[in-house]
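Just below is one structure, and these are the notes that go with it.
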Amino acid sequence: RSVGWALVRVEGAPGGGAVVTLPPGGSLDLGGVAKGWMADVGVRLMRARGMRRGLVEIGGDLSAFDDRPVPAPFAVGVRDPSSPGELLGRLRVHGGSAATSGDYERGYDVGGRRYNHIFDPRTGLPVAAGLRSVTLLAPTGARADALATAVMVMGEKEGMAFVERTDEVEALLVIDAPAVPGGRRVVLSAGLRERFDALP
């Protein structure tokens, strides 16, 4: 009863101060957008100080820019959710932002089932097992951060369909697949297929 964006009320003018009212028993956690937003702020500060190329990384969310006449992509490692100390591969990021949501950093096992910290607002329960991580690219860190979490909630099919029909958004999904060597599948949106280099 206390879950859902529609229960949050914001009164006041944007930029002029506002009052936020939550339902009884409700709380607001900005973890789904805060790191991406902070990376965007970092990029704005770097550009304001005359820097022409830079990357700001905050807890796995990053924003990058290259304003030089001949820009070059950044090579960004994508972690393996089954072995977080290992990389699945490298993604070439030309600018904009990348954020990852996954079930492998904060979660717990109960009775052989994995529960994680990402909740489905439709049910109030942790998202279903299967989709292990979503790495999402978007023009801004706040958008990448929020949409990575949203695609994680949507799941593989609905999430990838959303990515493919959304302008300026690309994604890499890692899905549990016990029958496949390595125990996982990697699914890339059309715009990432030429920009991801898998590691052996």
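Everything numeric in this text was worked out from a predicted model, so none of it was measured. For this chain, numbers begin at 1 and follow the sequence in order. Computed over heavy atoms, backbone and side chain alike; hydrogens, waters and symmetry mates excluded.
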Report task. Answer with yes or no whether the hydrophobic clustering places Val151 together with Ile175; edges join I, L, V, M, F, W, Y residues whose side-chain heavy atoms lie under 4.5 Å apart. Result -> yes
Query raised in the report: Can you check whether Leu136 reaches Thr149 side chain to side chain, under 4.5 Å on heavy atoms?
Result: no
Requested in this report: Report yes if the side chains of Val19 and Val10 come closer than 4.5 Å at any heavy-atom pair, otherwise no.
Outcome: no
Query raised in the report: With side chains defined as the heavy atoms from C-beta onward, is the minimum distance between Arg90 and Leu199 less than 4.5 Å?
Result: yes
Report task. Could you tell me the separation between the OG atom of Ser97 and the CG atom of Asp145, rounded to the nearest 0.5 Å? Result -> 9.5 Å
Requested in this report: Kindly write out the residues that satisfy side-chain contact (heavy atoms from CB on, under 4.5 Å) with Glu158, not counting sequence neighbours, or none if the list is empty.
Outcome: Arg122, Met154
Report task. Please round to the nearest 0.5 Å and tell me the distance separating atom OG of Ser133 and atom CG of Asp80. Result -> 8.0 Å
Report summary line: Applying side-chain contact (heavy atoms from CB on, under 4.5 Å) to Val76 and not counting sequence neighbours gives Leu62, Phe74, Val93
Requested in this report: Can you measure from CG (Asp40) to CG (Leu45) and round to the nearest 0.5 angstrom?
Outcome: 11.0 Å
Query raised in the report: Same cluster for Val187 and Leu91 if Ile/Leu/Val/Met/Phe/Trp/Tyr side chains link at under 4.5 Å?
Result: no
Query raised in the report: Does CZ belonging to Arg9 count more than 12 external heavy atoms closer than 6.0 Å?
Result: no
Query raised in the report: Can you tell if the side chain of Arg143 reaches within under 4.5 Å of the side chain of Thr166, non-hydrogen atoms only?
Result: yes
Query raised in the report: Quick check: does any side chain N or O of Lys35 sit under 3.5 Å from a backbone N or O of Asp61, one acting as donor and the other as acceptor?
Result: no
Query raised in the report: Are Met160 and Leu192 joined in one hydrophobic group, where the rule is that I, L, V, M, F, W and Y side chains link up if heavy atoms are under 4.5 Å apart?
Result: no
Requested in this report: Hey, could you give me the NE2/CZ distance between His94 and Arg92, rounded to the nearest 0.5 Å?
Outcome: 6.5 Å
Report task. Could you tell me whether the side chain of Leu172 reaches within less than 4.5 Å of the side chain of Val78, counting heavy atoms only? Result -> yes
Query raised in the report: Do Ser189 and Glu164 get their side chains close enough for a donor-acceptor pair, meaning under 3.5 Å?
Result: no
**Report entry** Within-4.5 Å side-chain heavy-atom neighbours: Ile118 and Ser101
**Finding:** yes
Requested in this report: Quick one: do Arg195 and Leu137 satisfy side chain to side chain contact (heavy atoms under 4.5 Å, CB included)? Show the steps, please.
Outcome: CA-CA 12 Å; Arg195 295 170 52 191; Leu137 277 68; 3.3 Å; yes
Query raised in the report: After noting the C-alpha distance and the side-chain angles of Thr140 and Trp37, does the key distance pass the side chain to side chain contact (heavy atoms under 4.5 Å, CB included) rule?
Result: CA-CA 8 Å; Thr140 67; Trp37 179 82; over 6 Å; no
Requested in this report: Please report the closest heavy-atom contact between Ala146 and Val33, naming both atoms and the distance.
Outcome: CB-CG1, 3.4 Å
Query raised in the report: Can you check side chain to side chain contact (heavy atoms under 4.5 Å, CB included) on Leu22 and Val8, steps first, answer last?
Result: CA-CA 5 Å; Leu22 303 174; Val8 177; 3.8 Å; yes
Query raised in the report: Out of curiosity, does Leu188 fall in the hydrophobic cluster containing Val134 (side-chain heavy atoms, cut-off under 4.5 Å, transitive links)?
Result: no
Query raised in the report: Could you go step by step and tell me if Leu87 and Arg79 meet the side chain to side chain contact (heavy atoms under 4.5 Å, CB included) rule?
Result: CA-CA 4 Å; Leu87 293 181; Arg79 290 173 44 188; 4.1 Å; yes
Query raised in the report: Any link between Phe196 and Val163 through a network of hydrophobic side chains (Ile, Leu, Val, Met, Phe, Trp, Tyr) touching at under 4.5 Å?
Result: no
Report task. Quick one: pull up CZ in Arg44 and OG in Ser63 and give me the separation to the nearest 0.5 Å. Result -> 9.0 Å
Query raised in the report: Could you state the interatomic distance from CG (Leu131) to CZ (Arg185), rounded to the nearest 0.5 Å?
Result: 9.5 Å
**Report entry** Pairs satisfying side chain to side chain donor-acceptor pair (under 3.5 Å), at least one member in residues 49-58, at least two apart
**Finding:** Arg53-Asp66
Query raised in the report: Side-chain contact, heavy-atom cut-off 4.5 Å: Leu173 with Val186?
Result: no
